[in-house]
Amino acid sequence: MTDAILEGLNEQQKEAVCCLEGPLLVLAGPGTGKTRVITRRIANLMAHGVDPRRILGVTFTNKAAGEMRSRVQALVGGASPLLCTFHSFCARFLRIEGPNIGLSPDYTIYDEEDSANAMKNVAKAMGLDEKQFPARSLRRWISNLKNRGIGPDGAPSHTFRDRIIQEVYAEYEKLLRRSQALDFDDLLLRAVRLLEENTAVRERYQDRYRYILVDEYQDTNACQYHLMKILGDRWRNVCATGDPDQSIYGWRGADIRNILNFEKDYPDAKVIRLEENYRSTGTILRCASSLIRHNRSRKEKDVWTRNPAGRKARLAVLADDSLEAYEVAATAEGWMRSGFRAGDIAVFYRTNAQSRPIEAALVESAIPYRIVGATMFYERKEIKDILAYLRLVANPSDEESLRRVINVPRRGLGEAVVKMLEDEARRKGIGLAALVFDRSAWPASLGGRRREALEGFADLISKAREKAGGKVETLVRHILDATGYLESLDEREEADRIANVEELVNAAAQFDADNPDGGLTRYLEEVALLTGVDRWDPSEDRVTLMTLHMAKGLEFPAVIITGLEDGLLPLQRIPDDRDDEDAERAALEEERRLFFVGITRAKRELVLMRAKARRRYGDYRTSMPSRFLDEIPRACLQIDDKATPSWAELHSGRRGGEPDDRDGFETYGRGCARRCRSDTDGEFAGDGAARRRRSQEGSEDGEGDHSADDREPAEQAAADDPPAKQPARRAAGRPVETDGGESQESPFDIEPGDRVSHHKFGVGVVESVTGSGLSAKATVRFRAVGRKILLLSMARLKKE
DNA sequence: AACTCTACGGTTTTT
DNA sequence: CCGTAGAGTT
């Protein structure tokens, strides 16, 4: 048994797996087998006879938790310990213990949008100017307070703004309370408070969890930190794993000091460093190490590898973001031709907005892809509408959900009626929801037609409530029927919405199948706490697109990181009023860590890209190379400049296969509005003459000379590659115009007549394909369920 | 109450 | 550029 548990581990890993008692900190560089250590350690605990119910493992995503669970099960079998995210742990804890603090077991979890809406309503009721106090800013300010464990009473009240925020905060809390709802921050905050204040509950849980593991400890915030501190206090068998160099959530309250101070919190802690990397090539690792070395506040750690050096990373320089996107497609195609599967390839970017042109290029090139995260399925309007009905059924106090659906689809209960009901509720001192579901409380002024409409609505909800105990799928279908929601959508204009709703029915059915005794509340909780990666199916053979943040914890054989431009990566922050130099440096260092995370996802191939101009809000802005590129050793980079026109092209009046309407692009960044504070700006902003002269010295292949100096600006030599080299390569940057050009009509090669299979509907035949790109839809006649319209980018159709 | 039009503003990153 | 929210119109 012990053999299997320790098999194939190095000394440090073994040490970590075998150190079962007492506080333990595992500092694990990227690719050093951290997940392996955690799962083996859990298995080892169980092999030593520890009851799995006494083990708690907290991870960053549900997917990570699920993977660990199955790996542990493969090693030791039997019951699984509780493996979940911080948020889902707290959600479950509060389902059970909530009644201690007056919280219904059926409480609703408000997501970011719900919270912002609630805050908007609060601000409106207070008569605040929306421009001066935008709901999202309010939400952010209050979230910051909550993350630091500060209630409305403890909030600062020095300035006028402070006092407004304080009041909004207090009103918002009232709204949540009467709605029996918690936002994301509350889940953590309320759980911690309950544990702090209720000795009996605290001791029960402290006693239960004899062994606690926390993954990604570098990204815990104050609440999460306290939670762990409290829960681990009884047995002090707390194992934290993480990597300070991969701390990327400072902006949402994560405090890197939690991991840096672990040894202070637990003076008897054992600290183990995992430094041998098994994931990446030597060159990729060297890029990452050189980069991260530029962070000043850092715990020194040297990750090394026995892996071969591998190929250089390529830096592709493109004229604009659309050409960058085509280069992404061309690069992926090249990899696929040389034996990589689409599923081996990942494309990372800093902001979600960057995915659009890339998507378009991939569609055009008929390369299968999937975006992870972005506008997530469960954030779509139509989905949230249906979910709001479900929530209202589960929790009749939920005011936000009530407001959302009371007139959807239109049933004559518009703004005026809601206003009237609101006033009446205030007069009676009850919540809006309480009023709506209590006929005797309705105002006399509610006239015949409106009264009928409201009766219809209240009946609808209470009828649905009778079905709440059964399968979620049944309830969803009932609600669709009873509301006429699908009929209210325009078959032609909103076909993708209809398809999405169909998908939701499938998802609900899937949940019912996976959780035979699940129940509506569990379903809503699961949906609310799904992370972006949780809905990602890595077994699908598609190129994966995601933000750098979501890439954390994953690995891919071949990786493209786009948008290596100053202002984008590192991203330019909006100047805050309390902007001191330290904060600025901390922010820059976090951006550097983000890039570090991206690079270290790559196993074999790494391509970086930057565009000299980028479309933003409709017009083009020129952009400078990312300062981070200068921090990667020249010897590790092969620069592939497809944007600088060659001598021949300049003199023939043509440029890089580009249409000629792009004049003005070469004004390199003189007009760059974004970055004018850096003193190096002058040097970059010029047309490169100075750079050219300087870099002549090191020219061409500087590997031997420069290997010791990792700080030599990498890209400078690039601009000076002999022009003659350029034209031949440029073709790859152009749109792919092959295959008769019809590929847009059927992005994933699905055509009328094809036999396809769907995970829910089974086998069917494609009747027609309409639309193009992202909104491409197929009408499929399924043997079992008849004709369905499916959105190709949503439905996971497999060709038979 | 519901529809149409216009103006504005949004891009960090996510549970 | 795009979608949404608010105002204005019927």
Side-chain angles (χ1 to χ4, degrees), chain A residues 58-64 84-91 109-115 117 120 124 130-131 134-137 139-140 143 146-147 182-189 216 219-221 223-224 247-254 321-322 348-357 360 372-376 378-379 381 407-419 449-450 453 488 525-534 546-552 563 567-574 576 587 590-591 593-595 597-598 614-621 674:
Chain A
V58 180
T59 58
F60 207 67
T61 64
N62 296 297
K63 181 172 285 289
C84 56
T85 66
F86 269 108
H87 289 267
S88 52
F89 174 80
C90 292
I109 299 171
Y110 280 178
D111 67 19
E112 216 51 61
E113 188 194 338
D114 304 321
S115 309
N117 276 341
K120 197 182 215 169
K124 206 184 249 173
E130 280 180 83
K131 302 251 162 71
R136 290 195 80 76
S137 306
R139 168 81 194 111
R140 216 179 47 236
S143 176
K146 286 190 176 186
N147 278 329
L182 300 180
D183 64 25
F184 286 140
D185 304 320
D186 283 334
L187 290 174
L188 304 171
L189 187 59
E216 309 282 12
D219 281 320
T220 50
N221 67 22
C223 276
Q224 295 165 328
S247 161
I248 54 175
Y249 285 98
W251 53 272
R252 72 171 203 215
D321 51 350
S322 140
F348 303 147
Y349 34 78
R350 181 62 179 81
T351 64
N352 277 309
Q354 288 167 257
S355 68
R356 290 205 167 200
V372 180
T375 328
M376 278 186 290
Y378 287 99
E379 288 169 7
K381 256 195 309 289
N407 201 29
V408 175
R410 308 248 119 118
R411 51 170 74 90
L413 296 172
E415 228 178 331
V417 178
V418 173
K419 181 91 184 21
R449 193 164 298 168
R450 293 165 162 188
S488 76
E525 178 176 306
E526 187 173 301
V527 165
L529 297 179
L530 276 183
T531 69
V533 231
D534 290 336
M546 64 173 90
T547 62
L548 284 161
H549 279 89
M550 261 178 315
K552 191 176 70 164
L568 192 58
L569 184 63
L571 191 79
Q572 178 92 20
R573 316 184 301 138
I574 326 112
D576 219 272
E590 182 156 307
E591 294 289 314
R593 289 193 292 269
L594 193 52
F595 186 25
V597 166
R614 194 166 286 276
R615 213 178 173 132
R616 219 189 174 190
Y617 302 145
D619 51 19
Y620 283 95
R621 308 293 292 266
R674 267 179 281 167

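Note that these values count all heavy atoms, side chains included, but never hydrogens, waters or copies made by symmetry.
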Starting from [atom2] on [N], measure out to [atom1] on [X] and report it in whole angstrom.
X: A:Leu594; N: B:dT14; atom1: CG; atom2: C1'; result: 13 Å
X: A:Asp186; N: B:dT15; atom1: CG; atom2: C1'; result: 13 Å
X: A:Tyr620; N: C:dC1; atom1: OH; atom2: P; result: 10 Å
X: A:Asp534; N: B:dT14; atom1: CG; atom2: P; result: 13 Å
X: A:Arg593; N: B:dT13; atom1: CZ; atom2: C1'; result: 13 Å
X: A:Gln354; N: B:dG10; atom1: CD; atom2: C1'; result: 15 Å
X: A:Leu189; N: B:dT15; atom1: CG; atom2: C1'; result: 14 Å
X: A:Glu415; N: B:dA2; atom1: CD; atom2: P; result: 11 Å

Measure from the side chain of [X], starting at C-beta and using heavy atoms only, and say which of [options] lies closest.
X: A:Lys120; options: C:dG6, B:dT13, B:dT15; answer: C:dG6
X: A:Phe184; options: B:dA2, C:dT4, B:dT15; answer: B:dT15
X: A:Thr351; options: B:dA2, B:dT13, B:dT15; answer: B:dT13
X: A:Tyr249; options: B:dT15, B:dT14, B:dA1; answer: B:dT14
X: A:Thr85; options: B:dT15, C:dG6, B:dT14; answer: B:dT15
X: A:Ala416; options: C:dG6, B:dT13, B:dA1; answer: B:dA1
X: A:Lys381; options: B:dA1, B:dT15, C:dT4; answer: C:dT4
X: A:Leu571; options: B:dT11, B:dT12, B:dT13; answer: B:dT12

Donor-acceptor side-chain pairing of A:Ser115 and A:Glu112 below 3.5 angstrom: no
Ignoring backbone atoms, establish whether [X] has a side-chain N or O less than 4.0 Å from OP1 or OP2 of [N].
X: A:Asn352; N: B:dT12; answer: no
X: A:Thr547; N: B:dT14; answer: yes
X: A:Arg410; N: B:dC3; answer: yes
X: A:Arg450; N: B:dA1; answer: yes
X: A:Asn407; N: B:dA2; answer: yes

So, are A:Arg356 and A:Asp321 salt-bridged, with charged N and O less than 4.0 Å apart? no
Any side-chain heavy-atom pair of A:Thr59 and A:Glu216 under 4.5 Å: no
Comparing A:Glu112 and A:Ala353 on DNA chain B - which has the more 5′ nearest nucleotide: A:Ala353
Point-to-point distance, once rounded to the nearest 0.5 Å, from NE2 of A:His549 to CZ of A:Arg252: 8.5 Å
For atom P, what is the distance between C:dG6 and B:dT11, given to the nearest Å? 16 Å
Mark this stacking check for A:Trp251 against B:dT12 as yes or no, applying ring centres under 5.5 Å and ring planes under 30°. no
According to a cutoff of under 5.5 Å between the ring centres and under 30° between the ring planes, does A:Tyr617 stack with the base of B:dG9? no
Output, in order, the C-alpha distance, side-chain angles, deciding distance and verdict of side-chain contact (heavy atoms from CB on, under 4.5 Å) for A:Arg350 and A:Glu591. CA-CA 9 Å; A:Arg350 181 62 179 81; A:Glu591 294 289 314; 2.8 Å; yes
One pair to check against side-chain contact (heavy atoms from CB on, under 4.5 Å): A:Arg614 and A:Tyr620. What are the steps and the verdict? CA-CA 5 Å; A:Arg614 194 166 286 276; A:Tyr620 283 95; 6.0 Å; no
